[in-house]
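Structure, as structure tokens:
Here the structure is a predicted model, which means the values were calculated and not measured.
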Amino acid sequence: PAGWSIDNSGVPNGGVTEWSGWAFTDRNWWTSAAGDQGRSGFTKGTGAIAVADPDEWDDLPHDAGTYNTFLRTPAISLSGIAANAAQLRFDSSWLPEDFQTANITVSYDGGSPIEILRWTSETTDANYKPGAPNETVTLPLENPGSATNLVLTFGMADAGNDWWWAIDNVEIFTPLTLQVNVQTGGMKLLGDASLAINGYEVVSPLGSLNPLGWLAGNLDAQNVGTTVPPATDFSGNGIVGSEDLAIWQAAYGITSAADADEDGDSDGRDFLSWQRDFGKVGDPASTWLTFLATPSQLIESYLFGNSTFATDRSIGLGYDVNDDLRDLKFFYIDNAGEKHEGLVQYVGLAAATVSVPEPAAVRMLLLFMGMTVCSRSRLFVLKC
């Protein structure tokens, strides 16, 4: 892609040309050309992916030496991003053997590279990484508040006739933020129009949460979500009652207007369903539900749906201002079922205390086949 670069100066001459260093390739073609050997397990990779495959490179004669190749991103803007807010997420397929090493470094504003990940294939090494052919990796970048841009480098080094490292869906982003007012106890999910979530958890190891205040104003208390009506609510008024029986009687054996079991007709089975559901309202699992409320843990989930909050959303007075221990951890579940650790931002602090500002928004989506502008909190996405 434009702006990306590959340094293959550390790959000995010879070997299989296609795999002489990092390559961008169709995942299915890579799997087929290499005889699979487990490569097809990288199902998180879709379409084109980035691959460093010294195993395939070694299948033809080459000069002596080890395989060392480095893939670099263009400079990625951090304009408006708070210190320590940026994170890296990517999908990875890693299979180790012998002495191969994978690493990622980050350079801020052209400065010296800082290693943020190292995997080795030596089982006795502290950085040993067992085979993980299909995983999502998330890393904090710990960006300085003064940094205006960063460059990432993905390296595969010290390899010979070993295995591979493949990556896809490289994303730099700022996580969802929980804002906590230490004066009022109020909590907010800061708006992110691009992120759909179906669960979140707030944890306080020291028990500094206020479950009663949270229960009175959380998403469950606000009835956030779209209630799914019972199948026997033939009238669509939100409750199963006598009017639904009248609709069933008129439809019996004639139309499917009272088809509760979705078998294409209105019959006795639909009447029995109506009897069982009489008085029932919408399914509570189709809106946000409270799962746990203690001084140490608050959990809400949306079992049959998800919510996107384009603007800040209050979730009640869930913080104990009398204790004010500021020990909170915040986690959320995205629509794909992945759990992420979010940021916690304390506001309403004394003048002498510096608050971390809300992460700003600059996002870029860079496809291997083109470039388009993206919206808030994801700063950069490389979808191979």
Side-chain angles (χ1 to χ4, degrees), residues 1-11 18-27 30 44-53 68-94 101-119 136-157 165-175 192 194-195 359-384:
W4 287 65
S5 63
I6 298 173
D7 178 0
N8 288 335
S9 60
V11 179
E18 289 87 346
W19 310 116
S20 182
W22 281 101
F24 296 101
T25 179
D26 179 80
R27 183 180 69 88
W30 172 54
K44 290 178 181 286
T46 56
I49 61 175
V51 177
D53 194 334
N68 302 273
T69 181
F70 302 92
L71 173 64
R72 292 188 178 90
T73 70
I76 301 164
S77 175
L78 290 171
S79 176
I81 303 304
N84 301 314
Q87 296 191 15
L88 166 66
R89 182 166 55 225
F90 63 97
D91 293 325
S92 169
S93 180
W94 161 260
T101 299
N103 82 330
I104 302 174
T105 64
V106 58
S107 170
Y108 294 105
D109 294 331
S112 299
I114 302 166
E115 188 171 75
I116 59 173
L117 176 143
R118 173 170 288 267
W119 294 340
T136 300
V137 179
T138 303
L139 299 170
L141 290 172
E142 299 180 351
N143 57 294
S146 59
T148 61
N149 66 72
L150 66 82
V151 173
L152 292 172
T153 301
F154 297 81
M156 169 72 100
W165 188 25
I167 61 174
D168 196 7
N169 304 317
V170 178
E171 178 182 5
I172 295 174
F173 69 104
T174 56
D192 186 338
S194 72
L195 179 63
V362 184
R363 279 204 261 182
M364 181 166 57
L365 180 69
L366 176 61
L367 304 176
F368 279 168
M369 296 302 292
M371 182 179 290
T372 183
V373 174
C374 191
S375 57
R376 195 177 182 269
S377 94
R378 284 188 188 85
L379 295 144
F380 183 87
V381 178
L382 176 69
K383 181 169 178 57
C384 309

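Here the side chain of Asp109 pairs a donor or acceptor atom with the backbone of Asn149 at under 3.5 angstrom. Between the side chain of Thr73 and the backbone N or O of Leu152 there is at least one donor-acceptor pair closer than 3.5 Å. Formation of a donor-acceptor pair under 3.5 Å by the Thr69 side chain with backbone atoms of Trp22 is found in this model. Judged purely by atom type and a 3.5 angstrom limit, Asn103 has no side-chain atom pairing as donor or acceptor with the backbone of Trp119. The closest donor-acceptor contact from the side chain of Arg27 to the backbone of Gly45 lies under 3.5 Å. Asn169 places a side-chain N or O within donor-acceptor distance of the main-chain N or O of Lys44, the cut-off being under 3.5 Å. Between the side chain of Asp91 and the main chain of Val137, no donor-acceptor pair closer than 3.5 Å is present.
Pro175 and Ala85 make their closest contact through CD-O, 3.2 Å (heavy atoms, listed as atom of the first residue, atom of the second, distance). Nearest approach of Ile6 to Phe24, heavy atoms of both residues: CD1-CE1, 4.0 Å. The two residues Phe70 and Gly155 make their nearest non-hydrogen contact at CD2-CA, 3.5 Å. Shown here for Ile49 and Ala166, the closest heavy-atom pair between the two residues is CD1-CB, 4.2 Å. Of all non-hydrogen atoms in Leu78 and Ala147, the two that sit nearest each other are CB-O, 3.7 Å. Nearest heavy atoms, Gly110 versus Ser107: C-OG, 3.5 Å.
If you take CD1 on Ile104 and CD1 on Ile114, they are separated by 14.0 Å, rounding to the nearest 0.5 Å. Rounding to the nearest 0.5 Å gives a distance of 9.0 Å between CD1 of Ile116 and CD of Glu142. Here the CG atom belonging to Asp192 is positioned 7.0 Å from the OG1 atom belonging to Thr174, to the nearest 0.5 angstrom. Rounding to the nearest 0.5 Å places CD1 of Ile167 at 5.5 Å from CG of Leu71. Going from atom OG1 of Thr148 over to atom CD1 of Ile81 covers 12.0 Å, rounded to the nearest 0.5 Å.
In this structure the side chain of Asp53 never reaches within 4.5 angstrom of the side chain of Thr25, judged on heavy atoms. Here the side chains of Leu117 and Leu139 are in contact, with some heavy-atom distance below 4.5 Å. The side-chain heavy atoms of Gln87 and Thr138, taken from C-beta on, include a pair separated by under 4.5 Å. Counting heavy atoms from C-beta outward, Val106 and Val151 have side chains that stay 4.5 Å or more apart.
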- Task: Apply side chain to side chain contact (heavy atoms under 4.5 Å, CB included) to the pair Leu88 and Val170, showing each step before the final yes or no.
- Result: CA-CA 7 Å; Leu88 166 66; Val170 178; 3.9 Å; yes

- Verify side chain to side chain contact (heavy atoms under 4.5 Å, CB included) between Leu141 and Asn84, making sure each step is shown before the conclusion. CA-CA 7 Å; Leu141 290 172; Asn84 301 314; over 6 Å; no

- Message: Using side chain to side chain contact (heavy atoms under 4.5 Å, CB included), reason through Trp165 and Ser92 one step at a time and then give a plain yes or no.
- Response: CA-CA 7 Å; Trp165 188 25; Ser92 169; 3.0 Å; yes

- Task: Might you work through the side chain to side chain contact (heavy atoms under 4.5 Å, CB included) test for Phe90 and Asp168, ending with a clear yes or no?
- Result: CA-CA 6 Å; Phe90 63 97; Asp168 196 7; over 6 Å; no

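Remark: Glu115 engages Arg118 in a salt bridge (charged side-chain N to carboxylate O under 4.0 Å, His left out) (not counting sequence neighbours).
For the pair Arg89 and Phe173, the cation sits on the ring face: its NZ or CZ lies under 6.0 Å from the ring centre, inside 45° of the axis.
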